[in-house]
2 protein chains.
Amino acid sequence: MTDDGLPHADLGASWRAGRPRPAGRHLDSAASSRQSNRALEAAAHHARHEAELGGYVAEAAADDLLQQGRSVIGGLAGMAAADVAFVESAQAALVALLTGWRLPAGSRVGCLPGEYAPNVAQMRTYALRPEPLPVDGLGRLDLSGLARLLAADPPRFVHLTHIGSHRGLLQPAAEAAALCREAGVHFVLDAAQSLGHADADLGADVVYGTSRKWLAGPRGVGVLCVRPSLAAALTPVLPEPEGVPPMRAFESGEAHVAGRVGLVVAVGDHLAAGPHRVRERLSALGRATRELLDGVGGWRVVEPVDEPTATTTLRPPDGVDVVATRARLLTEHGIVASAIGPERAPGEMTGPVLRVSPHLDATIEDLEALAAAL
Amino acid sequence: MTDDGLPHADLGASWRAGRPRPAGRHLDSAASSRQSNRALEAAAHHARHEAELGGYVAEAAADDLLQQGRSVIGGLAGMAAADVAFVESAQAALVALLTGWRLPAGSRVGCLPGEYAPNVAQMRTYALRPEPLPVDGLGRLDLSGLARLLAADPPRFVHLTHIGSHRGLLQPAAEAAALCREAGVHFVLDAAQSLGHADADLGADVVYGTSRKWLAGPRGVGVLCVRPSLAAALTPVLPEPEGVPPMRAFESGEAHVAGRVGLVVAVGDHLAAGPHRVRERLSALGRATRELLDGVGGWRVVEPVDEPTATTTLRPPDGVDVVATRARLLTEHGIVASAIGPERAPGEMTGPVLRVSPHLDATIEDLEALAAAL
């Protein structure tokens, strides 16, 4: 195993060896990561099984595996298998939560000013009133400000996006969860960008996320984890029979079950790799990305260099178009990254950024190639 | 090609040849059908492509194929590509429609008394009031009664489930659509059981359905088709930019795109087989099922023998448990069918039924084996 100058080079090597050979340099796991051969095969195998046995017979045969998956995913959120519902996406999880919660119209929700625009739009669809939480100049939650807000005029619940889609900041979720718990305010963690990337076992009442990003599972699968005390207060569209865990009523029945099987395999690989080791390597990749790219060609890194995430965003030099740059990187250099427009988080972004989000198998050479291309 | 006593034996043979060998006798396409090798491979190939290229690069590469799919699926509903949104399931389609429609609380919806319980529950979640449409003793829509209702006290819209999940009746949807159009009342067709099974190009304002049943596509994919006049009146959670067809805003972005690719292949196969020929063979299979099974062991067929569908339901003899029978058929005879409890359609069912729903590749021998096992 070659030392690549980053911690846990073995993880990088085994990630690479266990996946289809990339067509280029994939630095876009905050959009959608690269599945392993094992996860791809597990999903394809289940789909074939459906054709051999019938969809529901195959699903029943996968029941134990799916329940193990709920258990392991629950563990990432500090919850139990019974608290976990498989859904289609992080957005579907938020919709399932808000549908079940049935909060009065006009209920106030504390959100970051940089909250993900589709989340804000969903909350408004449910007639909720998102209100900005106090943050510092970078958009990081101000904990003293949160404590004052909770004491003076608490919202109905706090919704914190753990790591942004538009900025690789890790929000102080454990501290925020503790403050909310003391104040008796429910705390909901959007972990779409943090499951498999940062520790999400932080005492939240709700943790929801997606398969396809840092867990590197299939697209079309998400998870909703709700603590029993809050789950008991949710009203499903159709209740489950007695004896079934209440969160099962929030699990979609007409579903991409093969994708759930693939996700369970991917989460198993994540645990086998060691979540701590994964986080250490991802943080080191983030640091390396920022050190290598800040200032190159006039691009400026937004995040602090040592932010413990693998997501870096770059503001363009004057006159450089981010969408065109992203397209040029892809077509001329085979580098996959994302252009993030300010509509993604209009409460915080003043212009577009280029987002670079390597997973474990990225190399310093990949980042150097990006620097050279910029 | 052997004549199997049913029309279009070639379709049965080619369906069988193009699919994984079934583990038993699959008579359960109203639950979930058997995908073809081509559809399975297309979905698996796209998922692998995602791992090679990145999820969004792979999706962009599949853009033309997906647009062809919208066009062909729109054609099944008598609409255009721009009117079609890919979603996760038939239920997700209904949710997307009701979320966008934003009808006043208390709006009345004309539904069959035998309406699918999850549909009724979704409508109630949106504070709509489902009210029973007039039907005959079997649950078939009474068109004169509908005309009188539309003249005297029209509901906000009519929602017709084209073929039930609990009963293989084909509702007179074309006639109902025409009456609604004359009365200026929107007509929504739940085609979850009819896409790929019956003609759904009948003049409805909305047609929605699922991939995994009679179209024999992947699980986790559904479609919502809305005519432009109504689409223009819907409010999406997040609008699309100018120039994008408005229904695209109802398409989920965080999706099982590989499944959409698989569905497009499956729909292509359906068109290549000839929808008329498919319907003729499915109707003949339904007739053969009813002729072979009615009265066997005291089981009674609910549908008229010549109902033009492939779905048959059977009432059990006194003292026979349907769930136990379904389990016995599976474990002792390898026959896949469904037990349908009255909670599926509590406004109409008085007890459980066994549902038998062969697709094109089923044989008279499969049905005889079921008769012998009952």
Side-chain angles (χ1 to χ4, degrees), chain A residues 19-24 26 28 31-37 40-41 43-44 47-59 88-92 95 99 102 117-118 121-122 124-125 192 210 212 216 218-222 236-238 252-259 262 330 336 338, chain B residues 19-24 26 28 31-37 40-41 43-44 47-59 88-92 95 99 102 117-118 121-122 124-125 192 210 212 216 218-222 236-238 252-259 262 330 336 338:
Chain A
R19 283 170 165 68
R21 180 190 293 268
H26 187 272
D28 206 24
S32 189
S33 195
R34 305 201 315 112
Q35 287 193 69
S36 70
N37 291 322
L40 287 164
E41 282 156 17
R48 183 162 290 270
H49 222 205
E50 291 178 335
E52 289 162 353
L53 297 182
Y56 290 86
V57 178
E59 183 170 353
E88 272 57 55
S89 63
Q91 278 290 298
V95 166
T99 300
R102 307 195 182 194
Q122 283 296 357
R124 293 212 169 112
T125 298
T210 185
R212 72 190 158 124
R219 293 187 72 177
V221 185
V237 173
L238 261 187
S252 36
E254 204 184 332
H256 179 23
V257 176
L330 181 62
V336 186
S338 282
Chain B
R19 283 170 164 69
R21 180 190 293 269
H26 186 274
D28 205 25
S32 190
S33 196
R34 305 202 313 112
Q35 286 192 71
S36 69
N37 292 322
L40 287 164
E41 281 156 17
R48 184 162 290 270
H49 221 206
E50 290 178 336
E52 288 161 354
L53 298 181
Y56 290 86
V57 179
E59 184 171 353
E88 273 57 56
S89 63
Q91 278 290 297
V95 166
T99 300
R102 306 195 182 193
Q122 283 296 357
R124 293 211 169 112
T125 299
T210 185
R212 71 190 158 122
R219 294 187 72 176
V221 184
V237 172
L238 262 188
S252 36
E254 204 184 332
H256 177 25
V257 176
L330 180 62
V336 185
S338 281

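Convention: sequence-line order gives letters A, B, ...; per-chain numbering from 1.
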Kindly say whether Asn37(A) contributes a backbone atom to a donor-acceptor pair with the side chain of Arg48(B) at under 3.5 angstrom?
no
Applying side-chain contact (heavy atoms from CB on, under 4.5 Å), name anything that partners Ala255(A), two or more places apart in sequence or on another chain.
Glu88(A), Ser252(A), Val257(A), Arg260(A)
Below 4.5 Å from any heavy atom of chain B, which atoms of Val336(A) appear? Answer side chain, backbone, both or neither.
side chain
Can you tell which of Ala51(A), Gly55(A), Ala121(A), Ser32(A) has the highest number of heavy-atom pairs within less than 4.5 Å of chain B?
Ala51(A)
Heavy-atom closest contact (Arg21(B) atom, Glu52(A) atom, distance):
O-CG, 3.5 Å
For chain A, find which of Gly259(B), Pro22(B), Pro20(B) contributes the most heavy-atom pairs closer than 4.5 angstrom.
Pro20(B)
To the nearest 0.5 Å, tell me how far Arg219(B) CZ sits from Thr210(B) OG1.
9.0 Å
Interface moiety of Thr99(A) toward chain B, non-hydrogen atoms closer than 4.5 Å:
side chain
Using heavy-atom distances under 4.5 Å, tell me whether Leu53(A) contacts chain B through its side chain, its backbone, both, or neither.
both
By a 4.5 Å heavy-atom criterion (distance strictly below it), what part of Pro218(B) contacts chain A: side chain, backbone, both, or neither?
neither
Rounded to the nearest 0.5 Å, what separates atom CD in Gln35(B) from atom CD in Glu50(A)?
7.0 Å
With heavy-atom distances below 4.5 Å as the criterion, would you say the side chains of His49(A) and Val57(A) are in contact?
no
Residue Arg124(B) versus chain A: region with a heavy atom under 4.5 Å:
neither
So which residue, Ala47(A), Gly253(A), Gly220(A), Gly262(A), ends up with the most heavy-atom pairs under 4.5 Å with chain B?
Gly220(A)
Among Ala43(B), Ala216(B), Ala90(B), which residue forms the greatest number of heavy-atom pairs with chain A at distances under 4.5 Å?
Ala90(B)
Residues at least two apart in sequence or cross-chain that pass salt bridge (charged side-chain N to carboxylate O under 4.0 Å, His left out) with Arg19(A), listed by chain then number, are none
Checking heavy atoms, do the side chain of Ala258(B), its backbone, both or neither come under 4.5 Å from chain A?
neither
Given that the side chain runs from C-beta out, which part of Ser338(B) has a heavy atom under 4.5 Å from chain A: side chain, backbone, both or neither?
neither
Per-residue tally against chain A (heavy atom, under 4.5 Å) across Gly222(B), Pro236(B), Pro118(B) peaks at Pro118(B)
So, taking the atom named CZ in Arg34(A) and the one named CG in Leu40(A), what distance separates them when rounded to the nearest 0.5 Å?
10.0 Å
